[in-house]
2 protein chains.
Amino acid sequence: MEFSIGELARRTRVKVPTIRYYEQIGLLPSPPRTEGKQRRYEASDASRLNFIRHARELGFEVDAIRELLALSAKPNQPCADIDDIARRHIGEIDQRIAHLVSLRAELQRTVDECGRGRVCECRVIETLADSSHYHERLAAV
Amino acid sequence: MEFSIGELARRTRVKVPTIRYYEQIGLLPSPPRTEGKQRRYEASDASRLNFIRHARELGFEVDAIRELLALSAKPNQPCADIDDIARRHIGEIDQRIAHLVSLRAELQRTVDECGRGRVCECRVIETLADSSHYHERLAAV
DNA sequence: TCTTGAACCTCTAGTGACTATAGGGATTAA
DNA sequence: TTAATCCCTATAGTCACTAGAGGTTCAAGA
């Protein structure tokens with residue numbers, strides 16, 4: 001019935017140190033221990049951790065996951081809050097995509113214009129050195 | 001002619017602590033100081049920092065910028081190396097975009113299916129709880 | 001029952017690229 | 001001269017882990 005941290009790691013594809021880290025930051029509850037102080041988990045822990053893993057894979061930050069977990073624990077509440085978190089997240093992803101697309105275009109243009117000559121005429125260097133170019137900070141990209 | 005770190009920050013839109021950090025990691029040279037130990041910069045420092053800022057905005061990592069700076073200091077070398085760095089970087093950007101686009105699609109599908117009912121039947125929560133979903137780790141997104 | 005070796009434990013420190021804070025000293029304009 | 005603003009160093013914090021040291025426990029085979 002109960003299983004070790006290594007078995008939990010195998011079942012969820014989350015690394016052992018990461019599981020301990022999640023416990024430390026309160027994303028996973030502290031499980032019971034054996035007499036030798038080793039953690040023992042049960043099926044519900046694997047479900048919760050799968051939820052966390054999947055949310056991380058979708059790019060949710062730990063704080064957002066905390067919110068989602070808290071909300072999912074109240075099954076009779078309206079789910080509008082959950083929807084909002086997800087929508088907000090989609091908005092963030094859209095911004096990152098837009099930023100990356102424009103960066104890519106500029107790099108491509110730059111590489112295209114570089115005739116594989118010498119550095120003194122290389123467009124990559126020129127483009128980078130030109131302070132008139134402006135992009136938002138890379139914060140979340 | 002010479003100016004303070006605050007003035008350099010204004011000219012380059014790079015924050016003061018970031019400038020000091022760049023000096024610490026060797027991306028910017030240590031400038032001369034006043035008798036009171038305050039840093040004094042000149043125009044060429046602003047150019048170099050603009051180069052760095054722009055490269056960061058384009059998503060280059062600090063190590064790649066170090067390479068670019070080293071290459072640009074040898075103006076008679078062929079620029080094939082620089083071109084390679086930029087091309088490698090475009091490949092990485094393409095991967096990030098592709099990943100984000102697929103994440104977005106899954107989130108959007110999920111949100112669309114959520115009828116704004118109750119948490120117990122929310123598709124967002126169900127999707128996250130479903131361990132059968134698989135994505136690559138988010139490492140570089 | 002004993003032994004072996006894999007798996008487990010805690011604790012600390014490191015990653016990248018900054019950002020924030022504390023507790024001071026320097027410079028500049030009125 | 002005084003006040004406001006800027007600057008200094010040093011340390012610690014951010015995020016979400018990852019790595020390592022040094023020691024303990026567990027499960028399986030002999």
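Quick note on labels: first sequence line is chain A, next is B, and so on, each numbered from 1.
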Ignoring hydrogens and angles, tell me if any N or O in the side chain of A:Arg39 forms a donor-acceptor pair with the backbone of A:Pro32 under 3.5 Å.
-> no
Would you confirm whether A:Thr12, through its side chain, and A:Leu8, through its main-chain N or O, come within 3.5 Å as a donor-acceptor pair?
-> yes
Which residue, A:Lys37 or B:Gln38, contacts DNA chain D at a nucleotide closer to its 5' end, judged by nearest heavy atom?
-> B:Gln38
Distance in angstrom units between B:Glu7 CD and C:dT27 P, rounded | 17 Å
For A:Tyr21 and C:dT12, what is the distance between atoms OH and P respectively, to the nearest whole Å?
-> 17 Å
For A:Ile25 and D:dA16, give me the distance from atom CD1 to atom P, rounded to whole Å.
-> 7 Å
Find the distance A:Ile52:CD1 to D:dA16:C1' and express it as a whole number of Å.
-> 13 Å
Figure out the CZ/C1' separation between B:Arg66 and C:dA17, and round it to whole Å.
-> 12 Å
Considering non-hydrogen atoms only, spot the tightest contact between B:Leu107 and A:Ile93 and give its length.
-> CD1-CD1, 3.8 Å
Rounded to the nearest Å, what distance is computed from the OH atom of residue B:Tyr22 to the P atom of nucleotide C:dA17?
-> 9 Å
Quick one: label B:Arg20 by what it contacts on the DNA or RNA (base, sugar-phosphate, nothing), any heavy atom closer than 4.0 Å.
-> base
Quantified as the angle between the terminal helix axes (five pairs each), what is the overall bend of the helix from C:dT1-D:dA30 to C:dA30-D:dT1 to 10 degrees?
-> 10°
For A:Ile5, answer base if it contacts any base atom (sugar-phosphate contacts may also be present), sugar-phosphate if it contacts only those atoms, and nothing otherwise; contact means non-hydrogen atoms under 4.0 Å.
-> sugar-phosphate
Pair A:Glu57 + A:Arg53: basic N to acidic O under 4.0 Å | yes
Go through B:Arg20 and B:Gln24 one step at a time and tell me if the side-chain hydrogen bond (donor to acceptor under 3.5 Å, both in side chains) criterion holds.
-> CA-CA 6 Å; B:Arg20 287 197 275 250; B:Gln24 189 192 313; over 6 Å; no
Is it true that the NZ or CZ of B:Arg40 lies under 6.0 Å from the centre of B:Phe3's six-membered ring and within 45 degrees of the ring axis?
-> no
